[in-house]
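Before any comments, here is the structure.
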Protein chains: 4
Amino acid sequence: MPESFKVGDIVIVQIIKKRFLIRLQENHQLHTNKGYINHNEIIGKPPGVKLQTSRGFPAWAFRPSIRDFIMKTTRKTNIIYPKEASFIIFYTGIKSGYKVLEVGSGSGSLTATLTYFVSPEGKVISYEKRSEFARLARENLERANLSDYAEIREEDFLDANPESNFYDVGVVDIPTPWEVVSKIKDCLVNGGFIVSFIPTAGQLEKTYLELEKNNFAQIEALEILYRNWKVEKDATRPEFEMIGHTGFLVFARKTTE
Amino acid sequence: MPESFKVGDIVIVQIIKKRFLIRLQENHQLHTNKGYINHNEIIGKPPGVKLQTSRGFPAWAFRPSIRDFIMKTTRKTNIIYPKEASFIIFYTGIKSGYKVLEVGSGSGSLTATLTYFVSPEGKVISYEKRSEFARLARENLERANLSDYAEIREEDFLDANPESNFYDVGVVDIPTPWEVVSKIKDCLVNGGFIVSFIPTAGQLEKTYLELEKNNFAQIEALEILYRNWKVEKDATRPEFEMIGHTGFLVFARKTTE
Amino acid sequence: MPESFKVGDIVIVQIIKKRFLIRLQENHQLHTNKGYINHNEIIGKPPGVKLQTSRGFPAWAFRPSIRDFIMKTTRKTNIIYPKEASFIIFYTGIKSGYKVLEVGSGSGSLTATLTYFVSPEGKVISYEKRSEFARLARENLERANLSDYAEIREEDFLDANPESNFYDVGVVDIPTPWEVVSKIKDCLVNGGFIVSFIPTAGQLEKTYLELEKNNFAQIEALEILYRNWKVEKDATRPEFEMIGHTGFLVFARKTTE
Amino acid sequence: MPESFKVGDIVIVQIIKKRFLIRLQENHQLHTNKGYINHNEIIGKPPGVKLQTSRGFPAWAFRPSIRDFIMKTTRKTNIIYPKEASFIIFYTGIKSGYKVLEVGSGSGSLTATLTYFVSPEGKVISYEKRSEFARLARENLERANLSDYAEIREEDFLDANPESNFYDVGVVDIPTPWEVVSKIKDCLVNGGFIVSFIPTAGQLEKTYLELEKNNFAQIEALEILYRNWKVEKDATRPEFEMIGHTGFLVFARKTTE
């Protein structure tokens, strides 16, 4: 996508340490506490173009990465963070052509991630019983231009009739993952992956034990910490700020038992 | 890929906590310190099949994930770990269709990862000046069935004539990343990503400062820690073992400056 | 110290998650954004007494621990955090009777910690060349009732004539620790400990190499991370907030070389 | 303690990265896989003396720190690690004169630590119901010359008649800490600290809730991670090895409720 920005494009604007996600419109402005930028200064320019705010701060415009999209998701719930999204994609190997089942679309940030990686050959089917979230997830997919490869089913997964022996990966992001383990197993192909994002230690234990009971193998529970570094000549050190916790992940593979 | 295993397939066999990567051959055996398993017991069976070693230990056979491939890479150098591979793929959004430049193939474990995610529409070009590593990287790609989407160029990147303004992402895994920053910038499309894997704090500082000098934006240095959890009824806790360090990552995007 | 609180006592008042350090005075009030508390309600009561703010929030009064004192130090610089203070005390074994040399009193928070543990039989001598900090350190020691066991010498350590072969432990908290390593070695008894608190990786490297050059043994560099946990019935998890970095510590012991 | 080593002294000998705890005896040798050292070469020498093994490796002799003692405790159970011992001492402010109650002596490594810091004016009383551990704890205290300031009571704490309103700090290291919370509260002075070392998340939750039920305040649960750094000119980085978990700590203070 090396071509220049045009009206209607979604753009990420970096100003100092902050990022803004905007849709380019003629004669519009992005207002920030560092000053404003005219959309017209971006339209027709290539990605990576250097800008300047009305108050003289440097800025740059880029095409948003999938990480930018999930960090800028319009949200009503906690979102899966990039560190967990990273592990989910890589550990399960989700790529073009994969068929992925998601239980709990939430705001759609993880749905968008999964869809990004399965496209253009694959598909994501995501269940969400709360209509406001189903709508929000669809909007967020739409904004990221990913609607063609995903389907949000507004329905309680436990009442639904999903495809059997069909999905390569099942992803769970609901407060009671242990309740859907057995049903997800039916939906997965042999050897397929299940992964669940889990906030607390008690939920982790319950989910893990349910995976054992359902004869999943290679069950693996983990948490990810990451820390930014501040780099300066002769003064390189870890950043003072760090996120202490988002959630645990548990991975497993379906066996034929 | 839900079909059954056949002769010639690469299979991951899980026995207790260990994983073995084998190519199925009739009348062959996998020998381990928990006993052996006959390949014939796997041939014709579906992924996820439960097995038993000659000593009575339970085992399972799966199609290897890309993570399995990189952990089982025949190696002569340190490899990029799954945690760094995860962040590289997700942060840069490498997916089908991407054109990726790698400087330093090493044993090819990261090359295989990049190739897995860019296929089938994209391509990885990887430079490796040491012939034994170029050969090893090719072998590891071959084993993972990924050779069609990657090219190992046995050449010092600094002497080479790579395509300009062509690559979506440049990945660096050599001891002196700062030496190639400027040349990689030429190879990237506007807004393209560069990412470097870096073992020490001093190398991190040098590379980061070189990225600043070359007008990259969104420069971000980080390290990833992850910890497995041991889950048991009423006895859930973090694992005692943990890896303290593999390397730092630094990400940035090309600007038009 | 189980006796009741009296006028003039220093008290720590806990209100929800916040702690306030006050000196009890008749007819005074502690004002907080959760309401106020009358000092008179604390005077004459035993430690651990439960109180209530004017807005109805529960509160408790305790005698401050040394940790409370260092967290509530009136400060003009960064302070050593409890996690580093913990390791410094335990690794070097600073206890009653120890003679401790400190280079860089700063606001006196670490000075107070060292003095607390060496009292009543030992002594802390602390060098601070900036008069405003020397004064502040003395005030903070006074407030913690520790002045009898510490001496703040307002003087550049590099120009001073400290006692030779005298100190059990030397503690360094200045931006250029490598400059004082050799002189501190002269001040230590054989086998004595040196420890330095160091913010950046480059300073750590310089200091460590200077310790090697001065034939210190058992040189050990480390960093400490700690994470609070939020405990609730069936919802126990790590806290979301965490401090990513304060500084590195390097420890070593003087040899006779 | 700057005087020279004499027969009968306990000495820590550092050889490369390993430490050996020995009692000096005439004409004895310390045998290691790096060669041997004659005790006679240490007797009469000052702490910090440089030695050489029979195979030519450099070595040094020091008086053991309290950290050395706990790492070299003859043990039959897991020990409290230095990182947890550090926080216990500092957070509760245990120093000369403190009266400390311990429930669960185990091998006596934490007992020795507590005793080291309360001496010479304070006292540690430690309950241990298993006679083999009570004996081992006494031996380890004896070896560290700390027996005068500690008493191991071979008795189940739940059946014992400990002093009421007497102890400044209560330390718990048994698998069921929640069972002793209420009884320890009786033993503490008003405002006194309780701290428990806890391996699993479930035990942590149970203990924390029991502290709440018993009206303790300032309840704080945490875990500590620490990482060594390998420092070399232009190659400074975190160590690859790291301990992922030892246990959680929970601290609280007794209220008058």
Side-chain angles (χ1 to χ4, degrees), chain A residues 1-2 14 45-50 60 62-63 65-67 82-83 85-87 89-93 95-96 113 116-117 119-121 165 189-193 201 204-205 208-209 217-233 236 238 248 250 253-257, chain B residues 1-2 14 45-50 60 62-63 65-67 82-83 85-87 89-93 95-96 113 116-117 119-121 165 189-191 193 201 204-205 208-209 217-234 236 238 248 250 253-257:
Chain A
M1 287 183 294
Q14 177 93 26
K45 297 288 173 20
V49 61
K50 188 169 188 182
W60 291 268
F62 294 99
R63 297 205 183 277
S65 68
I66 184 62
R67 177 193 175 204
K83 64 194 177 79
S86 295
F87 272 57
I89 296 303
F90 182 76
Y91 270 44
T92 64
K95 58 161 293 188
S96 178
T113 298
Y116 174 86
F117 284 98
S119 68
E121 301 296 328
N165 299 301
V189 298
N190 286 323
F193 282 93
L204 177 63
E205 188 171 306
Y208 192 104
L209 296 178
Q218 296 192 338
I219 311 175
E220 189 175 354
L222 58 89
E223 64 176 327
I224 307 151
L225 289 168
Y226 96 100
R227 188 166 67 163
N228 278 109
W229 274 65
K230 182 171 176 54
V231 181
E232 281 180 30
K233 178 98 184 95
T236 293
F248 303 100
V250 58
R253 295 189 79 166
K254 175 179 171 175
T255 67
T256 58
E257 285 182 271
Chain B
M1 288 183 292
Q14 177 93 24
K45 297 287 172 22
V49 62
K50 188 169 186 181
W60 291 267
F62 294 100
R63 296 204 184 277
S65 68
I66 183 62
R67 176 193 175 205
K83 64 194 176 80
S86 295
F87 272 57
I89 296 302
F90 183 75
Y91 269 45
T92 64
K95 60 163 290 188
S96 178
T113 297
Y116 175 86
F117 284 98
S119 68
E121 300 295 328
N165 299 300
V189 298
N190 287 321
F193 281 93
L204 177 63
E205 187 171 308
Y208 192 103
L209 296 178
Q218 296 191 336
I219 311 175
E220 190 176 355
L222 59 89
E223 64 175 327
I224 307 151
L225 290 168
Y226 96 100
R227 189 167 65 163
N228 279 110
W229 275 64
K230 182 170 176 55
V231 181
E232 281 179 29
K233 178 100 184 92
D234 292 329
T236 293
F248 304 100
V250 58
R253 295 189 79 167
K254 175 179 172 176
T255 67
T256 58
E257 284 183 271

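Sequence lines set the chain letters: A, B, ... in the order given, protein chains first and strands last, and positions in each chain run from 1. None of the values given here were measured: they were computed from a predicted structure.
- Among residues two or more places apart in sequence or in another chain, the side chain to side chain contact (heavy atoms under 4.5 Å, CB included) test is passed with Glu121(B) by Ser96(B).
- Not counting sequence neighbours, the partners of Leu209(B) by the side chain to side chain contact (heavy atoms under 4.5 Å, CB included) test are Lys233(A), Glu205(B), Glu212(B).
- Only the backbone of Lys254(B) comes within contact range of chain A, with heavy atoms under 4.5 Å apart.
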Evaluation steps, side-chain contact (heavy atoms from CB on, under 4.5 Å), between Tyr226(A) and Tyr226(B) = CA-CA 8 Å; Tyr226(A) 96 100; Tyr226(B) 96 100; over 6 Å; no

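- For Lys230(B), no part lies near chain A; criterion is any non-hydrogen pair under 4.5 Å.
- Proximity to chain B is limited to the side chain of Thr113(A), based on heavy atoms less than 4.5 angstrom apart.
- Ranked by heavy-atom pairs under 4.5 Å with chain A, the list Ser86(B), Pro238(B), Ala201(B), Pro120(B) is led by Ser86(B).
- Note: Thr236(B) leads Thr236(B), Val250(B), Thr92(B), Ile89(B) in heavy-atom pairs under 4.5 Å with chain A.
- Among Phe193(A), Phe90(A), Phe248(A), Tyr116(A), the residue with the largest count of heavy-atom pairs under 4.5 Å with chain B is Phe90(A).
- With hydrogens and angles disregarded, no donor-acceptor distance shorter than 3.5 Å links the side chain of Lys50(A) to the backbone of Thr255(B).
- Of the possible polar contacts, none joining the Asn190(A) side chain to the Val49(B) backbone as a donor-acceptor pair under 3.5 Å is found.
- Salt bridge absent: Glu223(B) and Lys83(A) never bring a charged side-chain N and a carboxylate O closer than 4.0 Å.
- Here Tyr91(A) is the residue among Tyr208(A), Tyr91(A), Phe117(A) with the most heavy-atom pairs under 4.5 Å with chain B.
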